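For reference, the structure discussed in these notes is given below.
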Amino acid sequence: MKQVIIIGCGTLGKTIIRGIIEKLGDFYKITAVCDALEEQAREMASFAHADIVTSADEIIAQKPDYVIEAASKKVVEDFAPSILQAGIDMIILSVGALADAALLKTIRQAGQTGNAKLYIASGAVGGFDLMRAVRFGGLAYAEIHTSKNPRSLNGAPYLNGAQLPPDEEICVFDGNAREAIQGFPQNVNVSVSTALATLGVDNTHVKISSIPGATCNTHEIHLGGEFGDIDIRVRVHPDKANPKSSTLAAWSILALLERLTQTIVI
Ligand SMILES: NC(=O)c1ccc[n+]([C@@H]2O[C@H](COP(=O)([O-])OP(=O)(O)OC[C@H]3O[C@@H](n4cnc5c(N)ncnc54)[C@H](O)[C@@H]3O)[C@@H](O)[C@H]2O)c1
């Protein structure tokens, strides 16, 4: 039985905790949870019959097999280096943190020192197997076009407090993954994970559209090069409780945890 600690008991953290207990209970035991909001932590600790931890040191002292992050970019920045250096594998959702080249370097070094891995969950998209494969086949172009209801995008720093039009489809952003995650930190972690698997944050093209009335988040990934071209289209409902989030991201953690238990790995 592998022991896991969950950081973040919000929208996705709750689905992950329930999923581990209900679907992966033969393989994993949640030993502790962590959340900056005491009430959230208490609620999920009680549900999971787990401890509450509040710092990287407390997490490391528990010696879990995996630490799962479903909290924020800041948690990746503050917790990942010491957890990896202590030899504990980590699985993250707030991938946007890795657009920072200095943090990426620190995390790589920490993982090498501790002989630990940082797993990036596929999150709200997929197709990373194809992305990784075509890098060996002359990948020359990578783009991700994300389309969401304006209510999922409103409030992003890039918009400087402006509200997106409620009745007009518009392209809100056109740039690279580094700029996209700065402007839309809650919405486009997927642009950074796509970039990390393809041409990097400076060379991966990102478009973001606002579609009034849209009931699904759509991510269209285009890959091109000597090998030919690939289009991946993901169209899924946003999380009911938090339209800025995607339940698919929580399922991707459960799928990765399941994969880590398997003998025949697909
Ligand atoms: N990779 C992807 O495709 C993908 C998809 C959706 C969401 N995400 C990311 O996953 C993360 C979680 O998303 P969510 O929808 O569950 O968010 P949420 O806001 O519903 O929940 C986040 C929880 O983490 C806690 N938290 C935040 N900062 C913390 C800190 N420093 N220490 C301890 N706890 C802290 C909050 O109190 C909150 O309870 C976000 O960073 C989000 O951007 C990634």
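Indexing begins at 1, ligand by ligand and atom by atom, following the structure's order. Remember, predicted model here, so these are calculated numbers, not experimental data.
Here the protein heavy atom with the shortest distance to atom 12 (C) of ligand 1 is A70 O, 3.4 Å. In terms of protein heavy-atom proximity, atom 21 (O) of ligand 1 is closest to G10 CA, 3.3 Å.
Across the listed options N217, L93, T194, L93 owns the non-hydrogen atom lying nearest to atom 4 (C) of ligand 1. Taking each of D35, V75, T11, T54 in turn, the one with a heavy atom nearest to atom 37 (O) of ligand 1 proves to be D35. Among S252, S72, A249, the residue whose heavy atom lies nearest to atom 27 (C) of ligand 1 is S72. Proximity annotation for atom 22 (C) of ligand 1: of G8, A124, S193, A71, A71 comes nearest, heavy atoms only. Comparing N242, N189, T15 against atom 8 (N) of ligand 1, the shortest heavy-atom distance belongs to N189. Counting only non-hydrogen atoms, the option in G126, P238, S191, S245 that gets closest to atom 14 (P) of ligand 1 is S245.
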Checklist entry - Under the side chain to side chain contact (heavy atoms under 4.5 Å, CB included) criterion, do T194 and V206 qualify, and how do the steps go? => result CA-CA 10 Å; T194 300; V206 178; over 6 Å; no
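Between Y158 and F184, the ring-plane angle classifies as tilted under the 30° and 60° cut-offs.
Residue S209 is tested with H145, K148, E169 for a side chain to side chain donor-acceptor pair (under 3.5 Å); the sole match is H145.
No side-chain donor-acceptor contact under 3.5 Å links R132 to the backbone of A197. R233 contributes no side-chain N or O that, together with a main-chain N or O of T218, makes up a donor-acceptor pair within less than 3.5 Å. Listed for the E69 side chain is a donor-acceptor partner under 3.5 Å among the backbone atoms of S94. Side-chain atoms of D89 never come within 3.5 Å of backbone atoms of Y119 as a donor-acceptor pair (strictly under, hydrogens ignored). The main-chain N or O of A214 is found under 3.5 Å from a side-chain atom of N149 such that the two form a donor-acceptor pair. Judged purely by atom type and a 3.5 angstrom limit, D35 uses its side chain to pair as donor or acceptor with the backbone of C9.
In this structure the side chain of I20 reaches within 4.5 angstrom of the side chain of I6, judged on heavy atoms.
The presence of a protein heavy atom under 4.0 Å from atom 19 (O) of ligand 1 is ruled out.
Polar contact with ligand 1: absent for K74 (N/O pair, distance under 3.5 Å). The shortest N/O to N/O separation between S246 and ligand 1 does not fall below 3.5 Å. Taking distance alone, with nitrogen or oxygen atoms compared against 3.5 Å, K73 stays at or beyond that limit from ligand 1. By the 3.5 Å distance cut-off applied to N or O atoms, A36 is counted among the residues near ligand 1. Residue-to-ligand polar distances place L12 within reach of ligand 1: an N/O pair is separated by less than 3.5 Å.
Summarising the geometry of A124 relative to V190, their closest heavy-atom pair is CB-CG1, 3.8 Å, with the distance given to 0.1 Å.
For ligand 1 and G123, the ligand atoms under 4.0 Å from any heavy atom of the residue are 1 (N), 2 (C), 3 (O). Near V190, the atoms of ligand 1 lying under 4.0 angstrom from a non-hydrogen atom of the residue are 3 (O). In the vicinity of V95, heavy-atom distances shorter than 4.0 Å reach the ligand 1 atoms 1 (N). Residue Q40 has at least one heavy-atom neighbour below 4.0 Å for each of these atoms of ligand 1: 39 (O). For ligand 1 and S94, the ligand atoms under 4.0 Å from any heavy atom of the residue are 9 (C), 10 (O), 11 (C), 40 (C), 41 (O).
There is no side-chain donor-acceptor pair under 3.5 Å between K63 and Q3.
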